[in-house]
Amino acid sequence: MLLTTKFLRPTSDSRAVKRDRLSALLEPQSPKRLNLVIAPAGFGKTTLVAQWCSRVASPTAWLSLDEHDDEPRRFWQYVIGAFEQAGLAGAAELRKQLTHQTDETFTETITGLINTLAQDGSTWSLVLDDFHFIGNPAIHRQFGYFIDYLPPEILITLASRTEPPLPLARWRVRRWIKDIHPGLLAFSEDECRQFFRDTMGLDITDDDVHAIVRKTEGWVAAMQLSALSSTFSGKDAAKSGNQINLDERYISDYVLSEVLEQQPRDIADFLLETACCPRLCASLCDSIRESDDSQEMLEKLLSQNLFLIPLDTRNEWFRYHDLFRDALLLRISHTEPEKATLLWQRTVEWLLAHGHVQEAIAQIVRQEDWHWLARVLAEHGNNLIHGGYHLPVLDWLDVLPQELVTEHPQLQMLRIWGLFFANRVDTLEPLLSALEDLLDRQVADSHPDAEGALGLQSEISLMRSYLARTRSDDKSAADLTRQVLREIDHTRIPLKSVTYYGLGLDYYGKGELTDAEDALQSAVRYGQVEHKPSTVLSSGGLLAWIQYNRGDIDLALETCTDIRQWVDRHYSDPSQPRLISCWQNSTLCEIHRERNHPQLATTHLQPLLEHVERGTEPGQHVIIQYVRGHLAFSEGKLEDAIEALEDASQTGRKRREQIVFEPPASTALLARCYLAAGHPEKARASLDSRPDTEFTNPLHLEQSRISEARVLVALNQPERAQEILSALLKPAERNAHNRHLVEILLVYGEALAQQERKDESEQMLTRAVTLASEAGFMRLFAEESPDLRTLLLDLPALNAPGSWNANVRKMLVDQRESGQIHLKSSISSGASVPERPAIDPEALPEPLSQRELEVLELIHEGHANKDIASKMKVAPATVKAHIRNLYGKLGVGRRTEALARARDLGLLEG
């Protein structure tokens, strides 16, 4: 049962200052998704948002959070409950589903809420008041996902004492956020007058109001302090006001001096001594002050509201208001510069000693202490890179003077690793050669760091093993990897996880799946010991991919879940984009697609598509497009599937030398799409475009050969298909390639049926059904030909009792009725699909404008909306409007349909 009073919006106090100028900032405006109202207690956040809600016409859901809501299930129950209370259709059912959901990520429920809002179509607003009570990293990650995929017409407003650890920087770049911070909350002169006279009940003159606003720059906290302490009188304010020299970068000197001078000496000293800390906690303050009373001092500051902002709900971490801290720093640097430097150095040393490495580096960069930065990167850079922070490390290396990097082998190796993780593999060879030359010179000069040189030689060998894989030089890759394994225990650099990941790739490439699994399990184990989340995620993702393809779907899902939970515990930086693995997300997409949960599959595919759009390593690009095409194929979206798989195939061919591993056989799946569309000759050409001799991974060769057998069956050549399948059957059984084994048995059964060998066909299909039911495969049955699906529906083994049998039968029956996937039941040799008749463009209800034709041509060239806007020199919103009009006139709903329709009309060529 939910506490309904938490859904009640506070009523407006008639005495409260009306903030019309701020209310206007909260209004919906494309592409904004989030209002962020951040300020300490007493800044009028709740009052402001409540006033704004009272004047908007769109439906609004309100939720007042408290300390009990910092638990994921309860948090989402109340969020959905707020929408339910406000009248969102379908919210009650979502909340019931959440009660029974066992997946602690609640991805399905959150996705359901997003879809429900999209289906509703209204311009909803959700207000979450007192969001600072939410400190659970899991909730922050889930809420970040919620914001990322909201329909554009939904607006979220957060009121909080602290800035939440969400990916705000990324959202600000996309112009999704409107920030209402203390600077914007500053009172105007009229608001100040109303505040003192009506809210505070003080008889204050216009001259006093003018002086206060001028001195405090409209800072509400300073006004409250002034009012409560009775600092200002009309005469004194006017007199002192003439002595104030305001600087827009800092809080006024007058307010700062008033605060410091009115405090006891110990508090004033504490404020100045701790101003060098970007964040404050008792341990840090004790360390730099060489004292043991900092917790007590922080509690005093908090109780007196002395510009100290809590960063958590446990009163452990704080920060000063930025303007206040800048003024304190300015004061101590002018009055005691040597002490200020010493305090800053102690702060950085404490941050490094307590694992706050990035924060420490930011302070060092701010002070431009390049030699210290070089030492810190040499010590901590490797773990930062393998923890997912390769891009910041590259940025820090770039700000160092070049001579520091040139003569420092460890820094050069860091740059190589950073570029490797940034998928800039083509730049590494000359850097490796330069590093080897430097190490040779140091050995010749008897450099004292012999152990470090040995470790770097191992890293160089490991990197060269990855480069060898891009050249398909498997022997060199394997030899180099084993060399590193022999040397690794004698180095001080933690490399075992990355080395075993490379070993796992080697075994996977040769199809030695058992050895690959052993190596990848070692990579995960050592990655956890070495605290390398990126390596753990990639190794675990590839391990799950292998387990899925062997038919161990439950084990693959368990591996993904365990790895994700470990990474989330050890990579707790919600301000950064969520660390993901191409292997793991692709595996999860395949698992949920195979289990006939396409919506959940899409959830895991979506983050990968952003990498495709921005540009990613070509091997990962091929995998993502392969998985994308497979999902579209399963959903019967053949045009989308063919588009994705053709792109995967072309990328795999053109950039083969830059791919570290052999990706799945996209041509094999592309051939199945052509078969489903009634183009057997195109299917055959697709397979011929990549000869079998190109495959080094037996899994991919099997995949291609099975598709070849399907084409032969479609062309009424079952005997030739049977020859291929007979050769595949025993190796697939021996190597436990269970997914492929099911497909081999199914196609074999269809080939036998074409030869009127009914009993043998039934035996093959029964074996396939038995094996698939044990593994949990479902969707692969629906992806076969209509003739084969008919055979399956008549199969006694599939009509036996059991929930899996019932689900598969229902899926096949539903598919038959909807006509999904295959357009023809069988295709004879030489058959062709009739061309669609050309359509007269004048048949359109309204002709396309010149601008719409220009947009259509740019879409045809493959440009994204933002690129179209740039080329046409118009706003993105204008492009979206043209596309909406274009779709309306063509009678379509998406890009692929628009291009197909335009070709029919003769508006486009090819």
Side-chain angles (χ1 to χ4, degrees), residues 2-13 15-19 22-28 32-56 58-72 74-88 91 95 113 117 123-136 139-140 142-144 146-147 150 154-166 168 171 176-182 184-185 199 220-221 305 309-315:
L2 302 182
L3 189 62
T4 56
T5 53
K6 290 162 67 73
F7 306 133
L8 300 179
R9 186 180 75 233
T11 55
S12 298
D13 187 340
R15 299 173 301 170
V17 178
K18 301 294 186 292
R19 314 298 306 275
L22 294 183
S23 293
L25 297 177
L26 297 174
E27 293 290 337
K32 181 173 69 171
R33 295 190 180 189
L34 180 65
N35 286 320
L36 206 54
V37 186
I38 307 296
F43 268 57
K45 302 182 295 297
T46 302
T47 302
L48 168 65
V49 177
Q51 287 178 349
W52 169 69
C53 287
S54 67
R55 55 186 270 180
V56 299
S58 59
T60 301
W62 181 285
L63 174 59
S64 297
L65 296 163
D66 58 41
E67 64 271 20
H68 304 296
D69 299 324
D70 195 24
E71 188 276 321
R74 179 182 171 93
F75 174 84
W76 289 108
Q77 282 177 333
Y78 268 105
V79 169
I80 295 170
F83 280 112
E84 180 184 355
Q85 185 80 5
L88 175 64
R95 193 159 60 83
L113 177 57
L117 288 167
T123 55
W124 278 92
S125 291
L126 170 66
V127 176
L128 299 180
D129 195 21
D130 289 334
F131 195 77
H132 52 269
F133 282 117
I134 305 304
N136 190 318
I139 298 179
H140 291 143
Q142 294 160 4
F143 197 76
F146 179 64
I147 296 286
L150 272 179
I154 308 300
L155 179 62
I156 308 297
T157 300
L158 300 186
S160 175
R161 295 181 186 178
T162 61
E163 187 170 277
L166 298 168
L168 303 179
W171 294 345
W176 284 5
I177 296 180
K178 183 62 183 180
D179 291 289
I180 309 293
H181 48 73
L184 281 175
L185 285 164
T199 306
V220 182
N305 196 25
I309 301 174
L311 296 177
D312 56 41
T313 58
R314 300 177 298 277
N315 287 342

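Along the sequence shown, residues carry numbers from 1.
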In Å, rounded to the nearest 0.5 Å, how long is the span from [atom1] of [X] to [atom2] of [Y]?
X: Leu126; Y: Ile80; atom1: CG; atom2: CD1; result: 11.0 Å
X: Ile139; Y: Phe133; atom1: CD1; atom2: CZ; result: 13.5 Å
X: Leu2; Y: Arg74; atom1: CG; atom2: CZ; result: 8.0 Å

Donor-acceptor check, side chain of [X] to backbone of [Y], threshold 3.5 angstrom: yes or no?
X: Thr60; Y: Ser58; value: yes
X: Asp70; Y: Glu67; value: no
X: His140; Y: Ile134; value: yes
X: Tyr78; Y: Leu3; value: yes

Audit row: Trp52, Glu27, side-chain hydrogen bond (donor to acceptor under 3.5 Å, both in side chains) steps and yes/no: CA-CA 8 Å; Trp52 169 69; Glu27 293 290 337; 3.3 Å; yes
Taking all non-hydrogen atoms of both residues, which atom of [X] and which atom of [Y] are closest, and how far apart?
X: Pro164; Y: Ile38; result: CD-CD1, 4.0 Å
X: Ala82; Y: Leu63; result: CB-CB, 4.2 Å
X: Glu163; Y: Leu168; result: CG-CD1, 3.4 Å

Val127 vs Cys53, side-chain contact (heavy atoms from CB on, under 4.5 Å): CA-CA, chis, key distance, verdict: CA-CA 9 Å; Val127 176; Cys53 287; 3.7 Å; yes
